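These notes concern the structure reproduced below.
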Amino acid sequence: MSKRLFSILLGLAVLAVIAGVGLGVLRSTNDLGFGPTGDCTATVDGYSVDVTGEQAENATLIASIAMRRGMPARATSIALATAMQESKLTNLTAGDRDSVGLFQQRPSQGWGSRKQLLNRVYATNRFFDALEKVRGYESMDITVAAQRVQRSAYPDAYAAHEDDARTLASALTGYSPAAFTCDLSGAAPTADAVHAAGGLSGRAIAVRHDLRMRFGGLDIRKGPHGDGTVLLAGISGHAERSVYGWALAQYLVGNASRLQIRSVGFDHKTWHAGGKGWESDPGVGDSQVRVEVFS
């Protein structure tokens with residue numbers, strides 16, 4: 001073997017080792033702590049949709065806004081299919097011409113300023129404002145209703161996302177119980193030792209604020225444990241109690257990474273960070289959603 005060939009082979013071997021080490025580090029990083037690294041899955045009637053942590057947070061936001069506005073699950077399906085097509089359910093800072101955000105809305109077309117459209121809550125509400133003006137959208141094909149709002153140059157493109165959108169919407173609006181789960185690490189990055197007024201930990205207060213901001217004036221109380229990490233969100237006042245409870249529970253799972261949630265329980269089932277999805281738990285009732293943050 002010539003010295004030149006030996007040098008080339010040695011160099012390739014070194015690169016392979018470096019790449020392997022780098023991949024190992026990347027995998028280890030993705031398995032530690034929090035961040036939009038966990039994969040989430042919605043499964044309804046044997047059909048599954050996988051989304052990233054970032055996509056899960058955006059999907060749950062869209063679903064929660066539709067629910068708070070009193071819109072049907074069909075509205076969530078239409079919005080999700082639109083965002084899947086326009087941005088892959090990510091909050092894009094650029095796009096075709098001046099399009100930005102989850103729905104690639106254009107400031108020049110009167111949707112709002114660039115800053116406003118990069119605000120996910122504003123952009124989602126603007127989408128639903130327009131959808132509510134589409135007469136009969138509740139019974140339209142998803143792609144037709146989406147096109148009435150977006151007026152895209154590719155009107156049939158939304159159809160490719162209908163099954164995925166319906167599955168996610170059914171789970172995130174609570175009509176499919178225990179249908180949404182995320183595979184996250186079972187450990188928190190740092191301790192949360194500071195307990196604020198009322199005996200709640202800082203993370204618990206953040207969860208309470210987030211739930212009330214997304215779903216309105218919920219009755220959220222400190223759980224029975226003394227460390228202030230458990231919250232109980234009452235849902236007994238809602239007509240469709242089970243549906244509403246599952247919507248809350250699966251919203252929390254979809255945002256468990258961001259809110260540093262350890263477990264979510266409802267209707268005799270509990271999801272644990274680092275666990276295997278929703279598992280049977282006879283100790284959890286159906287009159288309130290139980291959420292525990294990392295201490």
Side-chain angles (χ1 to χ4, degrees), residues 34 36 38-44 49-73 75-77 79-80 83 89 91 102 120-121 124-125 128 165-184 203-220 230-235 237-238 240-267 269-273 275 277-278 284 286-294:
F34 286 84
D39 291 330
C40 303
T41 303
T43 302
V44 177
V49 181
D50 295 324
V51 293
T52 66
E54 179 185 5
Q55 290 170 324
E57 290 179 11
N58 290 329
T60 57
L61 176 74
I62 290 170
S64 68
I65 289 174
M67 291 184 65
R68 187 163 186 182
R69 291 175 64 119
M71 301 181 77
T76 300
S77 296
L80 289 174
L89 266 176
N91 197 27
L102 280 172
R120 298 175 306 151
V121 174
T124 301
N125 275 306
F128 284 135
R166 274 195 295 264
T167 297
L168 265 179
S170 183
L172 298 181
T173 56
Y175 285 95
S176 293
F180 187 76
T181 185
C182 295
D183 181 13
L184 302 177
R203 288 176 181 146
I205 290 174
V207 169
R208 182 178 64 181
H209 174 74
D210 192 85
L211 279 177
R212 286 177 173 168
M213 185 167 56
R214 294 281 76 86
F215 291 91
L218 290 170
D219 177 20
I220 303 176
V230 176
L231 294 171
L232 301 174
I235 57 168
H238 293 270
E240 293 184 295
R241 187 173 69 183
S242 178
V243 171
Y244 192 77
W246 277 113
L248 285 182
Q250 294 178 137
Y251 171 87
L252 288 165
V253 169
N255 290 274
S257 173
R258 176 175 63 86
L259 295 171
Q260 300 177 11
I261 291 172
R262 181 192 293 273
S263 69
V264 180
F266 179 64
D267 196 15
K269 293 183 183 296
T270 294
W271 171 91
H272 294 277
W278 290 95
V284 179
D286 62 357
S287 62
Q288 54 194 7
V289 176
R290 180 185 186 277
V291 54
E292 179 187 9
V293 298
F294 282 96

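Because the structure is a prediction, the values reported are computed rather than measured. If you read the sequence from its start, that first residue is 1, and numbering goes on from there.
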Of all heavy-atom pairs between [X] and [Y], which one has the smallest distance, and what is that distance?
X      : Y      : value
Ala171 : Phe180 : CB-CB, 4.1 Å
Ile261 : Phe294 : O-CE1, 3.4 Å
Gly245 : Val289 : O-CG2, 3.5 Å
Ala63  : Leu172 : CB-CB, 3.8 Å
Ala75  : Phe128 : O-CE2, 3.5 Å
Val293 : Leu259 : CG1-O, 4.3 Å

If you round to the nearest 0.5 Å, how far is [atom2] of [Y] from [atom1] of [X]?
X      : Y      : atom1 : atom2 : answer
Leu248 : Arg214 : CG    : CZ    : 12.5 Å
Gln250 : Phe266 : CD    : CZ    : 10.0 Å
Gln55  : Asn91  : CD    : CG    : 12.5 Å

Taking C-beta and beyond as the side chain, do [X] and [Y] meet within less than 4.5 Å on heavy atoms?
X      : Y      : answer
Asp39  : Asp50  : no
Ile65  : Val121 : yes
Arg241 : Ile235 : yes
Leu211 : Leu252 : yes

Got a sec, which residues hit side-chain contact (heavy atoms from CB on, under 4.5 Å) with [X], two or more places apart in sequence or on another chain?
X      : answer
Ser77  : Ile142, Arg166, Ala169
Thr270 : Ser263, His272, Asp281, Val284
Val44  : Thr167, Ser170, Ser176, Ala179
Ser242 : Trp246, Asp267

Exercise. Applying ring pair (Phe, Tyr, Trp, His ring centres under 6.0 Å), name anything that partners Phe215, two or more places apart in sequence or on another chain.
Key: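 Partners of Phe215 under the ring pair (Phe, Tyr, Trp, His ring centres under 6.0 Å) test: Tyr251.
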
Self-check item: ring pair (Phe, Tyr, Trp, His ring centres under 6.0 Å) partners of Tyr244, counting only residues at least two apart
Solution: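 Checked Tyr244 against ring pair (Phe, Tyr, Trp, His ring centres under 6.0 Å); matches are His238.
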
Is there a donor-acceptor pair under 3.5 Å between the side chain of [X] and the backbone N or O of [Y]?
X      : Y      : result
Trp278 : Pro177 : no
Glu292 : Leu231 : no
Ser64  : Leu61  : yes
Arg68  : Met213 : yes

What pairs with [X] under side chain to side chain donor-acceptor pair (under 3.5 Å), at least two apart in sequence or on another chain?
X      : answer
Arg120 : Asn58
Gln288 : none
Thr60  : Asn255
Thr76  : none

Quiz item: Can you name the salt bridge (charged side-chain N to carboxylate O under 4.0 Å, His left out) partners of Asp210, sequence neighbours left out?
Solution: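 Asp210 satisfies salt bridge (charged side-chain N to carboxylate O under 4.0 Å, His left out) with Arg258 once adjacent residues are dropped.
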
Self-check item: Sequence-distant partners of Arg69, salt bridge (charged side-chain N to carboxylate O under 4.0 Å, His left out), two or more places apart
Solution: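 For Arg69 the salt bridge (charged side-chain N to carboxylate O under 4.0 Å, His left out) partners, ignoring immediate neighbours, are Asp129, Glu132.
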
